[in-house]
Amino acid sequence: MSVLAFDLGASSGRALIGQLKDRTIRVEEIHRFPNEPVQIGGRLHWDILRLFHELKQGLLRTKASGIQVESLGIDSWAVDFGLLDQRGELMANPYHYRDSHTDGVMEKVFETVPAQAIFAKTGIQFLSFNTIYQLAAIRQSRPYLLQEASRLLMIPDLLRYWLTGEMANEFTNATTTQLFNPSLQRWDPELLNSLHLPSHLFEQVVHPGTETGALRAAITGELGLPKMKVYTVAEHDTASAVVAVPALERSFAYLSCGTWSLMGTEVAQPVIHDRARELNFTNEGGAYGTYRLLKNIMGLWILQECQRTWQRQGLLYSYPELVMMSEAEPAFSCFINPDDPLFLPAGDMPQRIAAYARRTGQQVPQSPGAIVRCIMESLALQYRHVLECTEELSNQRFSGLHMVGGGIHNETLCQWTASAIGKPVWAGPAEGSAIGNMAVQWIASGELSDIWDARALIRDSFPVTIYEPADREAWENAFGRFCQITKSTTYI
């Protein structure tokens, strides 16, 4: 059985066909496209109509491939959304989570509902761009949108609605809004009421693997396609990536590595208590009754923004060149806390790294290679810190770390991560989100029995590279300095 996965990341999107035959998965990328935000009048938006156009291009290339695809699913980043009017039309272009319209809003919300109460209800970490704060910002600056809106759809919900004409809020993405109560298994009415958010915007939530219609006649007619089933998959891309973790043990730790890094473990029940809140961990919904106890880490975004800054200056380094240059620089010369708010917005990241180094009394990295080494070593050391916190909160000890996602192509980062955590890293598959997307479709159609059947199949179908820790004493000393410099144990 062949399925189509649309996997939309924070910097690019892709359409991939997955073929399941003789207990083996074959994946073919048929369309890849950039996903670049658009700056308009000082506001940063997603180019949502372009994304929908690219989905249609993916459908056309699927048709051209000659492969008979039975169903499709969409996964994407979390927290962002579109508001629809009474006619089901998009009222405004969705904001990008890095837009500044939420600056200071989280603290304003805490004046109405304390942070402790929000976490106790939702179990979701505090990030300034969470949906709850985006909605509070809209209510403050553009209240007419909420007054006139009839429905809120997260990004995959919105794109799926345009394909099928059916509206549904999917579970894994719904939980990231910080408005969903896992104990009640529904949107939290007290939070919505306290923040004066219209409850009718939020409909019943459906779980991954739910059939939500088929391609509408307008789409099949325009593109010359047969009807195709559409499933809700684990529509938060990290949730899909976790489905694809080729774990041998039921207790495992994962790192979904890309523009963002997300590290955690899979648990049967949310971990909601004061210590989890202090460490700013989250309990996002997973597939098949699970939760993802994890923490967001700024990830390779910092390196990507450095690369864009150098390109604007005429320094056209490729990604592999930058990694190679970093390897030639002295080790452990400078550290940053990757999760410092300084590094969240787009902009001149090398200058911000220099400012952070000066602020913390460190030697400022001068060359691109030294800056990249600082970023990657800091990420590896932050991974260790978050892994130890994950073990504490889940009351587990992990024998190693599963890394999935495009970041595993950076072999140096994989090796440094193994050395930093002092445990093996098992890297693969690279297209974790897309493969997890496919797996849910196969489970929904009855081709696979459950998530563990899918993980066994993924393990047998894709190579896993093993990285063993090295230079333990040097990395141990570096970790002590890193914690001292970054004060990485302090959170909200």
Is it true that R308 and E36 make a salt bridge, defined as a side-chain N closer than 4.0 Å to a carboxylate O? no
salt_bridge(E284, R292) N-O dist < 4.0 Å: yes
Sequence neighbours excluded, which residues qualify as salt bridge (Lys or Arg N to Asp or Glu O under 4.0 Å) partners of R50? E54
Is it true that R160 and E235 make a salt bridge, defined as a side-chain N closer than 4.0 Å to a carboxylate O? yes
Hey, does the Lys NZ or Arg CZ of R98 hover above the aromatic six-ring of W301, less than 6.0 Å from the centre and inside 45° of the axis? yes
Parallel, tilted or perpendicular: ring planes of F180 versus F171, cut at 30 and 60 degrees: perpendicular
Would you find a donor on one side and an acceptor on the other, under 3.5 Å apart, between the side chain of N193 and the backbone of E190? no
Closest heavy-atom contact between I30 and R61? O-CD, 3.3 Å
Side chain to side chain donor-acceptor pair (under 3.5 Å) partners of residues 439-458, not counting sequence neighbours, each pair once: R23-D453, S71-Q441, E266-R455, N437-Q441, S449-D453
Regarding S183 and Q185, is there a side-chain donor-to-acceptor distance under 3.5 Å anywhere? no
Does the plane of the ring in W310 sit parallel, tilted or perpendicular to the ring in Y317? Use 30° and 60° as the thresholds. perpendicular
Nearest heavy atoms of P226 and L215, plus distance in Å: O-CD1, 4.3 Å
Donor-acceptor under 3.5 Å (S76 side chain, I155 main chain): no
Output all residues satisfying salt bridge (Lys or Arg N to Asp or Glu O under 4.0 Å) with D340, sequence neighbours left out; order by chain, then residue number. R359
Is there a donor-acceptor contact under 3.5 Å linking the side chains of R43 and N93? no
Answer with yes or no whether the side chains of D339 and Q382 bring together a donor and an acceptor at under 3.5 Å. yes
